[in-house]
Amino acid sequence: MASTPPHCSITATKPYQSHQYPQNQRLKSQRNARQPNQWTTQQVSLPKPLPLPSQPPRSAPRPPLPAPTSSFSSLPSLPPPKSDLVTAFSGRRSTRFVSKMHLGRPKTTVGSRHSALAEEALHHAVQYGKNDLALDDVLLSFETRLGGSDDYTFLLRELGNRGECWKAIRCFEFAVRRERRRTEQGKLASSMISTLGRLGKVELAKNVFQTAVDDGYGKTVYTYSALISAYGRSGYCEEAIRVLESMKDAGLKPNLVTYNAVIDACGKGGVEFKRVVEIFNEMLRNGVQPDRITYNSLLAVCSRGGLWEAAQNLFSEMVDRGIDQDIYTYNTLLDAICKGGQMDLAYQMMSEMPSKNILPNVVTYSTIIDGYAKAGRLEDALSLFNEMKFLAISLDRVLYNTLLSLYGKLGRFEDALNVCKEMESVGIAKDVVSYNALLGGYGKQGKYDEVKRMYNEMIEEHVSPNILTYSTLIDLYSKGGLYAEAMRVFREFKHAGLKADVVLYSELINALCKNGLVESALSLLDEMTKEGIRPNVVTYNSIIDAFGRSAATECAVDAAPGGIMLQTGSSSTVSERKVFEIQVGDREDNRFLKMFGQLAAEKAGYAIKDRKVRQEILCILGIFQKMHELDIKPNVVTFSAILNACSRCNSFDDASMLLEELRLFDNQVYGVAHGLLMGYRDNVWVKAQSLFDEVKQMDSSTASAFYNALTDMLWHFGQKQGAQLVVLEGKRRNVWESAWSDSCLDLHLMSPGAARAMVHAWLLNIRTIVFKGQQLPNLLSILTGWGKHSKVVGDSTLRRAIEALLTSMGAPFHIAKCNLGRFISTGSVAAAWLKESGTLEVLVLHDDRTYPKGAHLDQISNFQALAL
DNA sequence: GTAGGGTTAG
């Protein structure tokens, strides 16, 4: 193909970055665990002086643009100026790749050319082949009567489908021995490899392949393709790609099936879309025309990353190329769109399917229902489920599990139990996914007795817990503060011989961080990297969030070699470390258990609270630098975590310096935050608007977390007018989905800073009503809720903050008798207060930092324009 | 050689 092929359009409109550590790499690094790698060597533990001035300039604010002589001037290259907030957050949330194996879908032998005798031999092999010898007897007794390799292929495939792996291998070896023709031996080898691949026995598959190559019958496109597929199913995408290369080295030409298998492997293994497109381009260069399955597999790559726009491009490219779509195409495309958070678009696409003569099936519905559930649109999810029932589409295991998860999220346990009953009645036993969903649901509602009951039932039913079960349990117990339970689960997890992964580590790290044990969290981070598990953005976000929360004594960050260290005032950490390094064997158990033991013992876990609190948010700079080195892209949660850390810090200079330094990484995001903090609103408001536009594309909880963090930070540092502008902007964009009417202000989704700024704006608005001579409603209410959105159930920080604010203003609101989270006033009393001469002065907010054009009247007209 | 479900950060 000399001319530019149409495939050029396959470019992700947004770069997808995967921070995951595919299993093959993980295994590889396990294998090389003794060799120092970039990870472990960078995790230095020698304290070095702070690279930042310990006494930041306290006088004049810095100019808007950072000086080139910053501590990061040695950065090899700066990240692109465009922020990646949306990219990083619109995609799939899961960062766990390989726990879900793509195994067990049996290859049908319908249409196989086997003889009737092969079926008989199969039954004998299943029934009588109890051991090697007995199986050999069966095979020998059929040897003369069985046809060629077709019969043996059938036999070993079917044995594989029945999970009789060793019998399949024995049968294969038997067949190869009696077969003289190389091509036939090759056929046997490729079906054996494919069968083992389906069973997830990838090492065995590789052995079969190697033997076949060594013995001279394995060098075929089919065996190579089968091996690629086997690697793919188990998530070993790098290996799959390597096999493709070695195949070319061996002088074989990959065909359509080979390329499709490689692309499929890439999708399952989480290879970046861009890289898969390169393979696709290579395929085209080699004159191999893609087919429907190629595109379906490419769509699956997009779906994994939530690249819904790229998926749409692929879809139209299929149409352009005259390649028909099928139900797989639609379901995979829909999955990509759902994972990209575009639920309305997904629903619309699904509605268009019948006109293309492709009817939505149970997979389509479970995809969209789950998409709605993940987007928090639980009612939409349920109504789609009803639609599906109405259409008499029968439910399967996955849909039942989707429902269980949905009802669990809603706390509708009766419905969940009914689903369980229905599953039982139709003969679908609960599997590990069902139990995990139930455990998670009960756990989120704090029903720990039910959690225990479910777990016991699971064990009694011989459903083995997997890493997700343990993850779920550890997380829910940690969140509930039941650290002793979390420890017990962790012990069981170790006992089960499972290897911790990035999610499990991140949960543990988060639990430590939430309790201020940032040192322990960092040492776990160190631990996991030594284990060859790559932290991801979630891990780092937890750690960033810990700063300012903790009471660690002293923190030193070494940005140059990339290490993050905390130097503690006490020597205990140092000696602790030494002890652990000696006990290499059970080091990790001890660590986890010790840390969690600390939490369990102290319950609330403020282990080191009386130590001198120092401003440690500058450590974040080091973390950020580290993330940059590791190519882990910060996202909007990182941003929110940093701002929240700033809000916990009492030094304006430290906060402004941090934000200013961070502008070197992302000038848009941190430029806005820094500018607003400094009061340079005129300079940054346009940039802020485009940032807000980006945030608007995210789901509501992400967006509100962003606005909450930003306003909190501004409020905390006295930039109250700025905070109010941001909050009104958020209100204008419906970020909080809360009520703002003349009679009621609902603050329950807001942070204390945002809520306070909002109260001012709302009261000013009510005041204009009064001054226009209009009647106020009889009753005015301000709702703060019960801290439902707070991580701490029943936390009433917001209520207390609002109470204090109203009191300080002298506002005539009081707590409603029946609802502690509601402040009320009659309209007439409020109106009288608003008319008082001093009230306006109390309501109008001022910035602590100078704002060149600041004026009360400006502000009033501003907020009126925004609020009304 | 192709699709959907379970977990972590705010």
Side-chain angles (χ1 to χ4, degrees), chain A residues 89 93-96 99-100 102 105 194 225-226 228-229 232 255-265 267 291-300 303 326-336 338 361-371 373 396-406 408 431-441 466-476 478 501-511 513-514 536-545 635-641 643-644 701-706 708-709 751 789 791:
Chain A
F89 224 77
R93 307 235 169 160
S94 175
T95 52
R96 194 174 244 158
S99 60
K100 183 180 172 187
H102 309 273
R105 205 177 279 237
S194 134
S225 300
I228 288 171
S229 163
N255 63 17
L256 176 64
V257 172
T258 319
Y259 278 111
N260 286 351
V262 175
I263 292 171
D264 178 55
D291 67 355
R292 192 183 66 243
I293 292 179
T294 319
Y295 274 95
N296 289 350
S297 299
L298 283 168
L299 284 170
S303 130
D326 63 5
I327 185 72
Y328 285 82
T329 316
Y330 270 96
N331 287 344
T332 316
L333 172 67
L334 286 174
D335 193 38
C338 289
N361 62 9
V362 62
V363 176
T364 322
Y365 277 94
S366 61
T367 304
I368 314 258
I369 289 173
D370 186 62
D396 68 358
R397 176 189 299 280
V398 173
L399 203 116
Y400 278 119
N401 284 339
T402 308
L403 272 184
L404 281 180
S405 157
L406 183 61
D431 64 1
V432 65
V433 177
S434 330
Y435 280 108
N436 289 348
L438 288 166
L439 291 170
N466 61 14
I467 183 158
L468 289 117
T469 318
Y470 292 111
S471 270
T472 307
L473 289 172
I474 289 175
D475 188 60
L476 65 91
S478 299
D501 69 355
V502 59
V503 175
L504 201 132
Y505 266 107
S506 298
E507 284 166 346
L508 296 170
I509 286 174
N510 186 48
C513 289
K514 285 287 166 294
N536 60 27
V537 67
V538 177
T539 327
Y540 277 100
N541 286 345
S542 284
I543 289 174
I544 287 173
D545 189 68
N635 59 21
V636 67
V637 181
T638 322
F639 181 71
S640 300
L643 295 181
N644 285 330
S701 70
T702 304
S704 59
F706 165 90
N708 282 338
S751 62
H789 71 295
K791 291 276 169 193

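Below, all heavy atoms of this structure are taken into account, side chains as well, without hydrogens, waters or symmetry copies.
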Any idea which of [options] is nearest the [X] side chain?
X	options	result
A/Ser506	B/dT8, B/dT2, B/dG6	B/dT8
A/Asp545	B/dT8, B/dA3, B/dG10	B/dG10
A/Val537	B/dG6, B/dA9, B/dT2	B/dA9
A/Ala705	B/dG10, B/dG6, B/dG4	B/dG10
A/Asp396	B/dT8, B/dG10, B/dG4	B/dG4
A/Ile293	B/dG4, B/dT2, B/dG10	B/dT2
A/Val398	B/dT2, B/dG10, B/dG4	B/dG4
A/Val503	B/dT8, B/dA9, B/dG6	B/dT8
A/Ser405	B/dA9, B/dT8, B/dG6	B/dG6

Does any donor-acceptor pair link the side chain of [X] with the base of [N] at a separation under 3.5 Å?
X	N	value
A/Thr702	B/dG10	yes
A/Asn644	B/dG10	no
A/Thr367	B/dG4	no
A/Asp326	B/dA3	no
A/Asn466	B/dG6	yes
A/Asn361	B/dA3	yes

Is there a side-chain contact between A/Val637 and A/Asp545, using heavy atoms and a 4.5 Å cut-off? no

Does the side chain of A/Ile369 reach to within under 4.5 Å of the side chain of A/Leu403, using non-hydrogen atoms? no

Length of the [atom1]-[atom2] vector between [X] and [N], whole Å:
X	N	atom1	atom2	result
A/Asp370	B/dG6	CG	P	5 Å
A/Ile368	B/dA3	CD1	C1'	12 Å
A/Asn331	B/dA3	CG	P	10 Å
A/Asn541	B/dG10	CG	P	8 Å
A/Leu473	B/dG6	CG	P	16 Å
A/Asn708	B/dA9	CG	C1'	16 Å
A/Asp335	B/dT2	CG	P	16 Å
A/Ile544	B/dT8	CD1	P	20 Å

With heavy atoms under 4.0 Å as the rule, sort A/Val362 into base, sugar-phosphate or nothing. base

Short question: side chain of A/Asn644, backbone of A/Ser640 - any donor-acceptor pair under 3.5 Å?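 Yes, because the side chain of A/Asn644 sits within donor-acceptor range (under 3.5 Å) of the backbone of A/Ser640.
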
All side-chain hydrogen bond (donor to acceptor under 3.5 Å, both in side chains) counterparts of A/Ser704, not counting sequence neighbours: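 Testing A/Ser704 for side-chain hydrogen bond (donor to acceptor under 3.5 Å, both in side chains), a comparison that skips the adjacent residues, returns none.
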
Sequence-distant partners of A/Ser225, side-chain hydrogen bond (donor to acceptor under 3.5 Å, both in side chains), two or more places apart: A/Thr258

Determine: side-chain N/O of A/Lys514 to OP1/OP2 of B/dG10, distance under 4.0 Å, yes or no. yes

Between A/Ser434 and A/Asp431: side-chain donor-acceptor atoms closer than 3.5 Å: yes

